[in-house]
Amino acid sequence: MASIEITDLVKTFHDRAGRPTRVLDGIDLTISGETFVSVVGPSGSGKTTLLNIVSGIESLTSGSVRLRAGDRDAHVGYVFQDPRLLPWRTVMQNIGFVQRDRSGWEERAHHYLDLVGLAELGDRFPAQLSGGQQQRIGIARAFSVEPDVLLMDEPFSHLDAMTSRSLREHLERIWLESRRTVMFVTHDVTEAVQLSDRIVVLAPGGRIHEIIDVDLPRPRRASDQAVAALQAEVLARFEVLEAV
Ligand SMILES: Nc1ncnc2c1ncn2[C@@H]1O[C@H](COP(=O)(O)OP(=O)(O)O)[C@@H](O)[C@H]1O
Ligand SMILES: [Mg+2]
């Protein structure tokens with residue numbers, strides 16, 4: 001079983017004059033097992049910094065982060081805000097490029113391309129795909145390495161509302177089929193409610209404001225009444241936070 005353990009995490013950035021700004025202030029959070037956790041918070045509350053520290057892209061100032069899978073370090077996958085496909089490689093070559101374990105990778109690639117509805121597009125180049133299709137490739141690519149832990153930073157925020165709604169459904173389906181430990185950053189509360197088992201709300205200043213358990217049956221649709229009701233409730237709480 002995989003887990004992300006964040007203990008008393010503090011991050012301070014320094015400006016050019018050396019003045020410190022604390023952007024994460026004592027984050028304690030454990031995510032274990034096949035759990036989908038969203039981190040929501042107003043712009044600037046430290047969501048991306050938190051995810052980058054968890055992934056190892058960014059250093060921490062104090063505290064600790066442990067990513068484990070059983071008795072070894074966890075393998076981590078990352079889905080970025082933009083899909084970051086290599087333009088001179090086909091879809092399949094892009095997926096092949098990131099494989100740590102080459103054995104059977106083509107079968108895994110086909111499997112996840114199929115799950116995001118793009119089984120036919122393996123030979124296309126990124127420029128021949130729409131933005132939504134490219135982001136679906138990014139998701140298939142991340143799942144195809146079968147990571148223990150999957151980190152996603154606002155993967156749908158550059159897409160139009162219809163495309164992002166359809167991608168959320170793809171993501172939920174693929175996650176239900178191949179459960180991972182997921183940490184998903186978004187500023188979109190409705191998206192968080194639809195996808196998550198738990199929602200971590202960050203407050204300005206980089207502290208955890210509250211943690212909300214989402215105990216709704218899956219698959220969920222944005223139009224489900226229980227989903228819509230919880231979305232409205234969490235949104236109301238979130239608006240109070242943004243107004244602070
Ligand atoms: N490399 C950096 N150097 C200095 N300040 C940074 C850097 N990255 C982020 N920040 C600051 O840290 C705060 C949190 O940023 P970020 O994690 O991007 O927030 P979010 O993703 O929630 O919008 C912001 O005030 C931002 O300006
Ligand atoms: Mg961000």
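Atoms within each ligand, like the ligands themselves, are counted from 1 in listed order.
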- Short side-chain to backbone donor-acceptor contact, R168 and F156, under 3.5 Å: no
- Query: Nearest protein heavy-atom contact for atom 18 (O) of ligand 1: which residue, which atom, what distance?
  - Reply: T48 CB, 3.8 Å
- Of P42, G205, G44, which has the heavy atom at the shortest distance from atom 25 (O) of ligand 1? G44
- Nearest to atom 2 (C) of ligand 1, what protein heavy atom do you find, and at what distance? F13 CE2, 3.4 Å
- Do you see a donor-acceptor pair shorter than 3.5 Å between the side chains of D188 and T190? yes
- Message: I need the contact type for V23 against ligand 1. Using non-hydrogen atoms and a strict under-4.0 Å cut-off, is it side chain, backbone, both or neither?
- Response: side chain
- Task: From atom 22 (O) of ligand 1, work out which of Q81, K47, H187, R22 has a heavy atom at the shortest distance.
- Result: K47
- Message: Quick check on the Mg ion (ligand 2): does T49 put an N/O/S atom closer than 2.8 Å to it?
- Response: no
- Task: Report yes or no: do K47 and T186 form a side-chain donor-acceptor pair below 3.5 Å?
- Result: no
- Message: Any protein heavy-atom neighbour for atom 27 (O) of ligand 1 (distance below 4.0 angstrom)?
- Response: no
List the atom pairs, with distances to 0.1 Å, where a side-chain N or O of residues 26-36 and a protein N or O form a donor-acceptor pair under 3.5 Å, not counting sequence neighbours.
from : atom 1 : to  : atom 2 : distance (Å)
D28  : OD1    : D8  : N      : 2.8
T35  : OG1    : S32 : O      : 2.7

- Residue-ligand contact S45/ligand 1, heavy atom below 4.0 Å: yes
- Message: Less than 3.5 Å apart, any donor N or O on the side chain of H111 or E177 sitting next to an acceptor on the other?
- Response: yes
- side-chain contact (heavy atoms from CB on, under 4.5 Å) between I53 and I6, intermediate numbers included: CA-CA 10 Å; I53 290 173; I6 303 168; over 6 Å; no
- Message: Starting from atom 15 (O) of ligand 1, what is the nearest protein heavy atom, named by residue and atom, and what distance separates them?
- Response: T49 OG1, 3.8 Å
- Any idea which protein heavy atom is nearest atom 19 (O) of ligand 1, and the distance to it? G46 N, 3.3 Å
- Query: Going by atom types alone, do Q99 and S144 pair a side-chain donor with an acceptor below 3.5 Å?
  - Reply: yes
